[in-house]
Structure formats: structure tokens, C-alpha cells
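Beneath this line is the structure, given in C-alpha cells, with notes to follow.
First the proteins, then the strands, lettered A, B, ... as listed; each starts at 1.
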Number of protein chains: 2
Amino acid sequence: MPAPLHEAHPSSPGRRLPDTQQGMRRRNLARVMHTVNAEGPLSRAAVASQIGLTRAAVSTLVDELIRSGLLEELGPERPGRVGRPGSALAVSGRGPAGIGAEIGVDHLAVCAVDLRGAVRARAVRHGTNRRRPPQPVVAELSALVEQVVAKAESEGLWPAGLAVAVPGLVARDARTVVRAPNLDWHDIDLGALLPAELALTVDNEANFGSLAELWLRDDTPLDFLHVSAEIGIGGAVVVDGCLLRGTRGFAGELGHVPVRPEGPACACGGRGCLEQYAGEEAVLRAAGLTPGVDRVDVLAGRAAQGDEEVRRALRDAGTALGIALTGAVNLLDPQAVVLGGALASLAPWLLPSLERELEQRSAGRACAVRVSRLGPEGPLLGAAHSVVRAVLDDPAAVGTRA
Amino acid sequence: MPAPLHEAHPSSPGRRLPDTQQGMRRRNLARVMHTVNAEGPLSRAAVASQIGLTRAAVSTLVDELIRSGLLEELGPERPGRVGRPGSALAVSGRGPAGIGAEIGVDHLAVCAVDLRGAVRARAVRHGTNRRRPPQPVVAELSALVEQVVAKAESEGLWPAGLAVAVPGLVARDARTVVRAPNLDWHDIDLGALLPAELALTVDNEANFGSLAELWLRDDTPLDFLHVSAEIGIGGAVVVDGCLLRGTRGFAGELGHVPVRPEGPACACGGRGCLEQYAGEEAVLRAAGLTPGVDRVDVLAGRAAQGDEEVRRALRDAGTALGIALTGAVNLLDPQAVVLGGALASLAPWLLPSLERELEQRSAGRACAVRVSRLGPEGPLLGAAHSVVRAVLDDPAAVGTRA
DNA sequence: CTATTTCGTCATGGCGCTTAACAAATTAGT
DNA sequence: ACTAATTTGTTAAGCGCCATGACGAAATAG
């Protein structure tokens, strides 16, 4: 089995996979896939000029990718210009599929995404998973996965891997859920509970959500700060198209950034953390609702109806978010801040105060704040797409199961 | 099997330098240089096993590097083990040299560093540059550069490039000083004022300082947050051995992270920015000294003598730093925080309160705080080394001027 | 003194891209 | 309508670069 590709930061010292001819081939296969995927149907000649190889070289690469079922020949292009028209190539709609799954507090969801990014199958089960033990939950999830895989296979796809988004911290092995407070799970190895046929990746839902934002929108910048609020306040930092994970995998923890250093005590040991002002519990309480009974979605409803108490609570949360984000923006200088997850639906009431803080504190050069269009779909889609990206990143690694 | 998510660089779309055989060769030359540089004198066989190529391949690479004057053959290794002893290879001490320069508020400095990292020549001129126009300052700097280059050449070195550290913001062209408040320079193109023979790079002193920290210490982690205080409070974020610059090059601006959102107004438009508590001016004032007359170095002296007013001012600054750093550490999860520049000498009085804030607010999992050993030398050394790194990163790019 | 181990080099070969030439398919010009 | 020009995709030859395998050289172990 070939080792995963590693892109060369020349600065990092010696120990890396050798730069051999096979590696070069694999990287060029990946470049062809990425180019065709990103730039829509393209002729071999167009691909060649895009990636800087000759037409001859691209021809052999494309042949190999077509034989593997990863690319498809759509037929001759409509000739608009002088010269022989090219033959349009597209990423295959009947090759490998990425299976994404989400373990939410109130639902389970699974979907299959093809190489083109289209969702080809889905399955959802509603019902709370709060404090349910892992085994039955994962058993239900497995059943949904089977359904979705069956549907995908009936459409000529084959599953290339399974990625699971969970509302909690995941170990660096990408299999073990270290801590999921809302599920009350601790050190659960999902690899042992899920069918072993599929290559498995587990990650935090906020991470998958931010990757979805990165991959699924044409105009999303390569440097941004993604803020969501499912459990606590999950941030994610994307730099140059890469998710920043931190040494222990904790990067992006916006919830415990100090907002008012002498503010109310927080469970983390600090005082005045963002979570004390913009966390689900704090906002519900400030809005006169009951945490644990009411949930975030109630807020959007009440606010839309004009409930002034709720609106004030959201304004204050926006202010606190703005203060915390000012620090983050100063530190990272991203192209944009993206509000995702539950925050997306609350954006109309959060944004004004949030943006005001950000602008006042940034001397005019504030960075853009955007609202995710994906909203709560982000983590699931991000998970499925992560499998697809892995195929695009190393097409040679997937078997020729066409 | 899907590749781990964090390796994602191939994800960034098509347009990159083509993966051709020459590119492969160049990358392998770089890998040999990096390995020999990092692991001390090494035989060809040792290099081969380190980077995963065959001895034969490494032999041809080494030959080429020796012909270019970048590597040297030291002679047979002392045979400790069975078998024919290898021939020790070392980075050349008589090849290219990196010329580093620093434009400080109170001094100019230039040095030459060889590929081994040894400083082979230096020149300094003391005297304030506050509000002096750029032309005479740069003329003096050019004279120092000439001196240093002459000295280096007399030792068999040749200058591979010039890197200049400035106390201000530098445009992305790496030539133009956009704004240097303490010098009162605005939009100065240093490329036009310096001799054109040498390849020029200009960057912020905090950036070079953090790179020095990364490159010059054996035990420095690859992910850290560097904090210095020359102009304002310059931070720098290093992730995976790469300096994070941000979209506009502003990344690392720690000075305007909000510490107390309702605190004193700041020139940036915000309130309670870190600079209001831990900036040079604020600390001097809190210590009963006069900003503009006294400077940072006075603080260390007074504090060492036991001046309680100064010590309290530094404790408070440490607290503010701790609060701001808590946010940054939460967001980035670095391996360590490094205090550099002027902060290094003040560390004894800053650290206790700084670490206390960090620990209390991080629920036990606080990240390590270290003090730079480089101190004020950081920017100059970082500049010179940046030229050296450029040679190591692409040995084929330097002419065979041996 | 011989067997063994390791190093560096050489000749051979395979792999992957480039170069150059060509047939095919279209547009532009007369 | 017919030719010239242009662009595409393929093919064969060539070259660069690394791998393989064999060899002599230089050390240790017995």
C-alpha cells in the first residue's frame, strides 16, 4: 500500500518520504484530478497547460485515471474557437463515493457523496442520543450506513471510506472519541464498533464543518476562521486551505478565550470566558429560557417573532463574540470570519453587535464576516467530502474497483 | 485508505509548479543539504538511509553539491563499527553566506552567516535613528554591508543575498516599508536605496526574530507563539515550522488583542488593548518613568535593583500578557509560548504573573512558556539565516560561484 | 590471515516526462 | 469550395533521474 502523499514544505528537515519517480507520478495524477474537479469539464490540452505538463504526459495520466474509473470522457467539446475541439473530461459520477456520517445530540445522519460533490444518497434518524451508551447508537448508525451504501452501490458507486463527525474531542488516531460531554461518552473507540470494511476517519464536527465551508463554496477564502456553536463554541482555523489542528488537536477552542478577565467563573478554571457570554447555556438563560429544556433553535424562533428579551440576549452574545474574534483576527489576519452551525441561523441578531465590536476595535481594517450557507449540514457534508478529497489527493491509492 | 486530513496541501487547486524530473532533482538536492545541515557530519550512506534514496543516487547528488561548493568532504570517519568507514560530509564553511541587516531604532547592525550557521563577520553602528530620513540611514547601512561582505569574502565566502529586519510593517513585495512608526518612515522602497547586486528581502523584525527562534535552537518546537516587544507588541505564529503571515501580512499582531473590553481607549480605535497594559509606553508610565526618555532596558535595571514600583508595573504587564496569551493559546494550541526580544530580559519579573494567568485559565493543560536565549540578537540572526535557509531550500538556484 | 560488514562507485535498466512529428477536426480567408 | 492556419490527441524517440546489482576498498571479528 502506498504511503500518503506529503506535500513538501522544504523548510521542514530531512525525514520525509523520498522524492521518487512513483511519487512524482502520484502527485501528477492528483493534480490532474484536482484540476478537472475544480475547473469543470476540461480537455487534455487545457489540463496540460493548467498544470504545466505536456499534452503527451497528461494523456497518459488521463488514460490511467479513466481506466481506474476516476475520470470520464464526456465526448467532443462544442467548438467555439479555431482548431480541433478537445474531448471534455470530467470527474466520474460512477466511481468511488465518500460516506459521511454524523452523530448529533438529537439525530444521526449518513450520506454518500460522489467525486463530483453531488449527494447521491442520505438517511437520517431523529431522536435524542443524550446520555445513551455508545453501542446502540453506533449500531443504529451502522444500519444507516448500510442503507446508504446499498443505495450508492445501486447507482454504480462504491464506498471509498467512512468519515464520522462527532460532537466532541477526538484523539489523534482519528478513531477514538476522547470526550463528548453532551453524549456523556469517554474514550470510545469507534473503530471497534463500526464495520471494518470501510476505511474510517473520525473527527470533531466543528472541524468537518469548517472543511465543508472550505470545499463547498466557490468563493470561500483559503484563510478563514470558522465559528460554530454546537457544544460550547467550536472554532476552527483554516490557513492556506489547511485545517490547523494544534499540537494536541485542541486548536480552535474559542469558547474559553477571556472576554472579561474578571467576569463570572467558568468551569475551565478561568473567569469571563466567551462561553459565559455566548455559550448555549448562557444565552438561553439570559433570554429567560431554560437550558436543558429549550435548545438553540428556540432562540431563532423567538427572535424572529420579535421577542425583545431574546434579541437583547443575542445582541450581548454578539458583542462578546465580537470581542473574542477581535483578538483572533488580530492574531491570524484571516480573509474572513465565517459563522456556521447554529450561529448561522442566529446571525441576523448576532451580526450587528458583533460587527460593530470588530470594526471599532480594528481601526477600519476589520475583516469580513460571513454567514455559512451550509448551516447545520456542514459537518455531515464535510465528513463525506473529506473522503472524496482523500481520493482526489491520491488517486493512485484507491484500488481499481471500477 | 484516506490520507489524514491535516496533510491536505494537495487540496489547494491546480496552479503550482509542475512536478517534473528537474523539480524532483532539486527537491532531493535540498533534502540532502537539509539532512547534512541538521544531523551534523554524515556519510553518503547515512544520508541515503535518512532520506530514503539509494546510495548511488545520493552519490550523484552529493557530487553535484560539492562541485557547487555547498558541501565539503571532511575525510574518512572514525571507524567505530565494523565495515568500511564512510567519508564525512559537512555543509561548506566557504560557500555562500547570508547577509543579515537590522535597522533598529537605536542602532544599525549587519552580519554574515555561513551555511553552517556560524557568524563570520559583523558590524554595528550605535546612535538613534528616530525620525531620521531613510536615505542617510540606509546609506550608513550600505556601508556596513560593504564592510561585512568584504570581511566575508576575505574568508572565502560569497554573499548569497541580503535580508533586512525593520521595526515596522513591510509590504508583501518584501521590499517596501509601509509604516515604521518609531522611525517615522512611510512607504519607503528599500530596494531602490540599497545596492542592487544582492538579492534583497525585507521583513518585520518580529518575524525574523521568531524564525531565528525556530532555526537556531535545537529544542524549539515546530508550533509556537513568539512574543516580542520592540514596537508595540509583536507576536509571530509559527505552525509546523512555517511562519504564518496572514492575508495582509498582519498576522501575529498581539498588541491590539482586547484584554479588558471596557479599558482605556487605544489609538487603534478599540479599548483595553494589550498594548494599554503591556506596551512599552504603558509599562514605563506605570513604573513611574518617562516614555520617550527612558527605554525598556532601564526597566530591567531598576527591577534588578529591587525597585518595587517597576516590579509591580511588570507584574501587571505579565498579567495582561497572560490574559491575551490565554486567548491565543486556546485558539492555536501551540507547543510553547516563547518570550523574545526585549521581553526576554524582563522575563524574571513578567513570568510569575503571566504563567499564573495562563495556568488558572487553562484548567491544568497550560502550554509551556519559555524565554528566548537569543534576546535582542534574534532579528539580525533570523535575517541572515533566512538567506541561508533559502540556499538550503533550493541549492540548485544559487549559481556555481565557488 | 580470512570471513564479514559496510562504504562508495559503476554499469545497466526502468520509469516518466519532453520533444518532435503527424493525423484529425475545426475555423478563417479567398 | 478549397486551401491555409490552428488546435487537439497520439505516437515514437530521447533524455534525465533513480533503482538494482555487482564490484573493489577499507574497516572489524574471529
Distance check needed: D:dA19 P versus A:Met24 CE, whole Å only. 12 Å

Hey, what bend do you get for the helix from C:dC1-D:dG30 to C:dT30-D:dA1 if you fit axes on five pairs at each end, rounded to 10°? 0°

Are any of A:Ser59's side-chain N or O atoms less than 4.0 Å away from OP1 or OP2 of D:dG9? no

Please encode protein proximity along nucleotides 20-29 of chain D as a string of B, S and -, counting only heavy-atom distances under 4.0 Å. B---BBBBS-

Measure the distance from CZ on A:Arg27 to P on C:dC17 and round it to the nearest whole Å. 10 Å

Within this structure, what is the CD-to-C1' distance between A:Gln22 and D:dC17, rounded to whole angstrom? 12 Å

What salt bridge (Lys or Arg N to Asp or Glu O under 4.0 Å) pairs are there with at least one residue in residues 88-99 of chain A, not counting sequence neighbours? none

Between B:Ala30 and B:Asp393 the two heavy atoms that sit nearest each other are CB-O, 3.4 Å

Could you state the atom-to-atom distance from CZ of A:Arg26 to P of C:dC17 in whole Å? 14 Å

Residue-phosphate contact under 4.0 Å: A:Arg44 side-chain N/O, D:dT10 OP1/OP2: yes

Is B:Asn28 close enough to D:dC17 that one of its side-chain N or O atoms is under 4.0 Å from OP1 or OP2 there? no

Separation of A:Asp19 atom CG from C:dG16 atom C1', in whole Å? 14 Å

B:Ser87 versus B:Glu73, side-chain donor and acceptor atoms under 3.5 Å: yes

Using only heavy-atom distances, determine whether the side chains of B:Arg84 and B:Ser43 contain a donor-acceptor pair under 3.5 Å. no

Could you state the CG-C1' distance from B:Leu29 to D:dG16, rounded to the nearest angstrom? 13 Å

